[in-house]
Amino acid sequence: MATVAGPRPRLAEGSMEVIPRARERDLSRGLESLPVSVWPPSEEPPAFQYSPEHVAGAGDDTDPSEITFPGCNCLTASCVANTCSCLRHGENYNSSCIKYIGSEVDYTRPIFECNAMCHCGEFCQNRVIQRGLQFRLEVFKTVKKGWGLRTLEFIPKGRFVCEYAGEVLCFREACRRIQAQTPEDSNYIIAVREHLYDGQIIETFVDPMNIGNVGRFLNHSCEPNLFMVPVRIDSLVPKLALFAAAAISAGEELSYDYSGRFLNIPLIKREQEMVEEDDVMKKLCYCGAKSCVGFLPYDSSLCYTPGKQTFGKVSQGNSCA
């Protein structure tokens, strides 16, 4: 019988202490800037290959690690908006916190970080996502939701928490993998759609099931404490960065809205009763939020078999690139 751990004790909000941990193994095997612990120590998450960054998936010629963006010519230790080409849309961060939290309109501009070709220093204020994990995280066994992810220390509002990294797929391969799933399988594939000012849509498909990072353990919540923002560094392939939507206490589970609606597009009234689809077995949502709609979000765009739905992740964002 599997052992399910109870919640860890929480520290006072604002505390910079870390929840005490015994000597533990590192799930990332040293590939992250900080170790990722696992609880309980007696159990092991399903096997997968750990990668802190995107990798090229089957059927996609795009190399996420290729550097295609030119760098800025700033010769200062840290770039400023009125002189840096990477900040032509304005500053992205303030004291490592993403700017403009709390307004949907402010999420319409794209974010570009300084990259390997830039002349600025490694501690430039426009280098945040590329520094990796900045808070201690722990993969843990939940009561109803399988494995989840929580923080072992306080995270201030607006700070970067982790990426959602995995295999970058083309549309056809993403569809193929979705069609191969059974109703019992967990879906890790996320479809990110960025709507440009001219009506075009940039789509990015990422699957961390077999190759991925700590972000693959994030569960859905109808009232999440994280939100996702596409951030570009070396190329057009975006990093799927997750930021704290509010101050997060040590020991609190981390989650985001799989539908992509949270803090992203104008709020709409959610239906309390979901219409039943033929041959569809909806997956229950166990987030426990007061506004919980009862079922996990689903995205049918990757399903070309009539009557079959994709349960899982779809993030929609705007960009004025």
Side-chain angles (χ1 to χ4, degrees), residues 53-54 62 64-132 134 156-165 168 190-206 215 226-245 256-257 260-267 314-321:
E53 299 181 340
H54 291 326
T62 303
S65 64
E66 183 181 4
I67 302 175
T68 59
F69 285 169
C72 68
N73 294 318
C74 303
L75 299 178
T76 57
S78 187
C79 299
V80 292
N82 60 344
T83 60
C84 179
S85 59
C86 298
L87 294 173
R88 60 187 178 275
H89 297 288
E91 291 189 349
N92 301 316
Y93 309 107
N94 181 13
S95 299
S96 297
C97 293
I98 191 170
K99 299 187 71 175
Y100 310 121
I101 292 181
S103 170
E104 295 92 358
V105 175
D106 292 316
Y107 288 110
T108 60
R109 64 182 183 84
I111 292 183
F112 295 89
E113 286 197 3
C114 291
N115 58 47
M117 302 299 290
C118 293
H119 291 78
C120 57
E122 62 176 314
F123 297 108
C124 172
Q125 59 93 15
N126 196 38
R127 298 180 186 270
V128 173
I129 309 305
Q130 58 199 269
R131 294 176 187 168
Q134 297 159 29
K157 179 180 179 180
R159 289 294 299 272
F160 167 66
V161 177
C162 69
E163 288 185 42
Y164 193 85
V168 178
I190 186 170
V192 177
R193 300 184 180 93
E194 299 172 86
H195 299 258
L196 307 187
Y197 73 96
D198 59 0
Q200 295 187 64
I201 300 176
I202 298 178
E203 292 185 312
T204 304
F205 305 100
V206 175
L226 302 180
F227 63 97
M228 181 178 287
V229 177
V231 177
R232 289 173 169 83
I233 303 177
D234 294 318
S235 71
L236 278 175
V237 180
K239 306 282 189 180
L240 306 185
L242 289 139
F243 295 87
Y256 74 104
D257 185 348
R261 289 189 295 253
F262 181 68
L263 290 183
N264 199 356
I265 60 177
L267 296 177
V314 51
S315 180
Q316 299 185 15
N318 297 320
S319 175
C320 61

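These numbers come from the heavy atoms of this one structure, side chains and all, not from hydrogens, waters or symmetry mates.
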Using a strict 4.0 Å threshold on nitrogen-to-oxygen distance, state whether Arg131 and Glu113 make a salt bridge.
no

If I compare all heavy atoms of Ser235 with all of Glu66, which pair ends up nearest, and what's the gap?
CB-O, 3.5 Å

Check whether any side-chain heavy atom of Glu194 sits under 4.5 Å from a side-chain heavy atom of Pro230, and report yes or no.
yes

Between Arg127 and Gly121, is there a donor-acceptor pair closer than 3.5 Å when you use the side chain of the first and the backbone of the second?
yes

If we ignore hydrogens and angles and just use 3.5 Å, is the side chain of Glu53 paired with the main-chain N or O of Pro64 as donor and acceptor?
no

Which atom names give the shortest non-hydrogen contact between Ala241 and Ile129, and what distance separates them?
CB-CD1, 3.6 Å

Side chain His119, main chain Cys72, donor-acceptor under 3.5 Å
yes

In short, Asn94 meets Lys99 closest at the heavy-atom pair N-CG, 3.8 Å

Evaluate Val206 against Leu240 for side chain to side chain contact (heavy atoms under 4.5 Å, CB included), listing each step before the verdict.
CA-CA 9 Å; Val206 175; Leu240 306 185; 3.8 Å; yes

Does any part of the side chain of Val237, heavy atoms only, come nearer than 4.5 Å to the side chain of Val168, both counted from C-beta?
yes

With a 3.5 Å distance limit and no angle check, can you tell me whether Gln125 reaches the backbone of Asn92 through a side-chain donor-acceptor pair?
no

Shortest non-hydrogen contact between Gly158 and Phe243, atoms and distance
O-CD2, 3.5 Å

Evaluate the ring planes of Tyr164 and Tyr256, with Trp represented by its six-membered ring, and classify them as parallel (under 30°), tilted (30 to 60°) or perpendicular (over 60°).
perpendicular

Min side-chain heavy-atom separation Phe69-Asp234 under 4.5 Å:
no

